[in-house]
Amino acid sequence: MKNALGSVDTVLVFGGLSEIGLAIVRRLVRGGARRVVLAVRGGEAPVIDGAEVHVVGFDAARPETHGAVVDEAVRLVGDLDVVISAFGVLGTQREYDADPVAAAESIAVNLGGHVSAGLFAARRLREQGHGTLVMLSSVAGVRVRRANFVYGAGKAGLDGFAQGLGDSLHGTGARVLVVRPGFVRGRMTAGMSPAPMSTTPGAVADAVVAGLRSGAELVWVPGGLRVLFTAMRSLPRALWRRLPR
Amino acid sequence: MTFLTGWARTAPTPATVARPRTTAGLAALVAGAPARGLVARGLGRSYGDAAQNAGGLVVDCTALTSWSLDVGTGVGTGVGTDVGAVTAGAGVSMHELMTALVPRGWFVPVSPGTRQVTVGGAIAADVHGKNHRRDSSFGAHLRSLTLVTADGATRVLRPGDPLFWATVGGMGLTGVIAEATFACLPVETSRMRVDIERTRDLDETLEVMAATGDRYSVAWIDLMARGRSVLTRGDHATRDDLPGIADPLAFAPVTRLTAPPWAPNGLLNPLTVRAFNEAWYRRARPAHGLIQGLGPFFHPLDSIKGWNRLYGSRGFVQYQFVVPDGAEETLRRIVDRLSADGVPSFLGVLKRLGPGTPGPLSFPMPGWTLALDVPAGRRGLAGLLRMFDGWVAEAGGRVYLAKDSRLPGGMMAAMYPRLGEWRAVRAEADPDNVFRSDLARRLDL
């Protein structure tokens, strides 16, 4: 249960090896969380000091299995106080142009995977009458850019889905926190040159933890992106398409 | 679904609320408990999440209000005085009891800091009052209780039954209390004879309190000024104390003020709280043999309806702990730390506690208990209180579950060493965890 000062007991992470997901988990554990379920496709489970960690198998591209992952997490740790939907794939637009099937598959993960995992998690949160689903959107989805419009389209869909889900949960005790980071310098973006107002997994995690504590519905990381994108959204199309990246 | 919080207005969760009017109606609700279980609720004066059950059922017991007074003459007590016992439904409040009993010459055996608690809540939290050193907690005066258990049965329990003691202080997790019978205290008047004095700091407060032999004593302690206190002590006034008063048992408590429905977060900040504490300290005129009403002596905050709203929408945290006799150093460390950090704590309440009851989860133990309120939005509060938890547990003390809204679950076993014993009794009485609350989930009870 989330306590009076915003600490939680249990966390489930879809995409449990994601840098941002783990950074959030480590902060929640420092704040008092005791039981963690990492839903991962494979790989070495990380050690998280101070918490009981469970690892369960998870394939974002197989939505029919996502309900069982939620059930298993509940069996392992009880009520889910925080569920983090942190997985995703990032390809270049050039690759997607060359391989439309890969592009469609990336959307199946970046959007479809979050839709099924998110709906299954939301069903559980609604039943238990509390809990927050953290959905990692991106500024890439706020206004889709020509430089990465397949990735951006997935994030745009995800962002809309997450907001709608949050509204549908209103009044149930469960909620959705939509996170819109800018360019995150990390493993996923290694080798790419950072965009202006870039951020780090740690900074994103700090903002998420603060948002969980205050009960926010939307956080931008860094916070200044909110102002920037308010302006960007009203930029004329002719200018927008000329943006270099 | 209705969103519920405790008195401190933090961490709301939704539940279905049902309000049975009879024990049979209550038993039917328990027998048909939903998958998320149920927990009883009275007047919502526990500060945290003890009477909340996210996604489940909350049984509002405030309609179980029948009661009767049974007076005998010294039966089996070896003394010549009258003995009285009240049998009351779980939803009867201390306010209702006092209003009815005092004019007849009786008082409740233990009165917490507010009259707005129910008999059921008083048992579930095994409440204590300003007379704990001498008279122990509410559970010590209980003769029997009627409990609706997980199987839907209605059982009458007496001291000696393990389930009786698991229920006293058991936070509603062994069943729903329907009714209870407890001994009452004969009084000659509805007034108190009170001594008031001021102390300069915590050490002087402890010294004076340790030496007092009065039935009731309490210190209102200024935690922003190294523990200087206003100490009040007293006992029920006798008829001889009130010469010339026509109706010495008249009792009609009044609510003087009502807090506004909305207050901004941050209204209670270090500046305003310091000023209030200063005024409280200066206003207290030392007195000897002062005659006071029951309300001002026992329940000063009851005269301000809805005072909890003054903390704004973010609510507050009440931290109440006890440390055993001999662990005064821990108390000193905590008071010094609060004072040094300038934590905006409204008047703390310091009391001496005496022998506890056999309830494995009952809070009181012989020692010192301090209760303090802090706005929930205070930066660094979580870490500070976690540090205090560690000091308190190390000293052999504990925090009070009826006030708690943030204790880490991992601290329970250290603070309540008989937790395992309680769990065993509970597991037998409620193998499927029908009785559940947000507090139970948070603390893995």
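Quick note on labels: first sequence line is chain A, next is B, and so on, each numbered from 1.
Within a 6.0 Å radius of CD in A/E72, more than 12 heavy atoms belonging to other residues, nucleotides or ligands are found. Under a cut-off of 6.0 angstrom, the local environment of CD in B/E428 is sparse, with at most 12 non-hydrogen atoms contributed by other residues, nucleotides or ligands. Heavy-atom neighbours of A/R226 CZ from other residues, nucleotides or ligands within 6.0 Å: at or below the threshold of 12.
Using a 4.0 Å cut-off between charged side-chain N and carboxylate O, B/D444 and A/R34 make a salt bridge.
Proximity to chain A is limited to the side chain of B/F3, based on heavy atoms less than 4.5 angstrom apart. Heavy atoms of B/R386 lying under 4.5 Å from chain A belong exclusively to its side chain. Only the backbone of A/E127 comes within less than 4.5 Å of a heavy atom of chain B; no side-chain atom from C-beta onward does. Looking at B/R406, the atoms closer than 4.5 Å to chain A (heavy atoms on both sides) sit in the backbone and in the side chain alike. At a 4.5 Å heavy-atom cutoff, the contact between A/T172 and chain B is made by backbone atoms alone. Interface remark: A/R35 contributes side-chain atoms only to the contact with chain B (heavy atom separation under 4.5 Å).
Here CG of A/N3 is found 8.0 Å from CG of B/D404. Values are rounded to the nearest 0.5 Å. Taken to the nearest 0.5 Å, the CZ atom of B/R441 stands 10.5 Å off from the CG atom of A/D81. B/R314 contributes atom CZ, which lies 11.5 Å from atom CG of A/L5 (distance to the nearest 0.5 angstrom).
Although no hydrogens or angles enter the test, the distance criterion places no donor-acceptor pair under 3.5 Å between the side chain of B/R442 and the main chain of A/K2.
Of the residues considered (B/T13, B/D438, B/L381), B/D438 shows the highest number of contacts with chain A, using heavy-atom pairs under 4.5 Å. Interface remark: of the candidates A/G32, A/G78, A/G31, A/G31 forms the most heavy-atom pairs closer than 4.5 Å to chain B.
Residues A/A4 and B/A376 come closest through the heavy atom pair O-CB, 4.4 Å. Nearest heavy atom pair, residue B/P14 against residue A/G129, reads CD-O, 3.0 Å.
In this structure, A/M1 and B/S405 have side chains that are not in contact, with every pair of non-hydrogen atoms separated by 4.5 Å or more.
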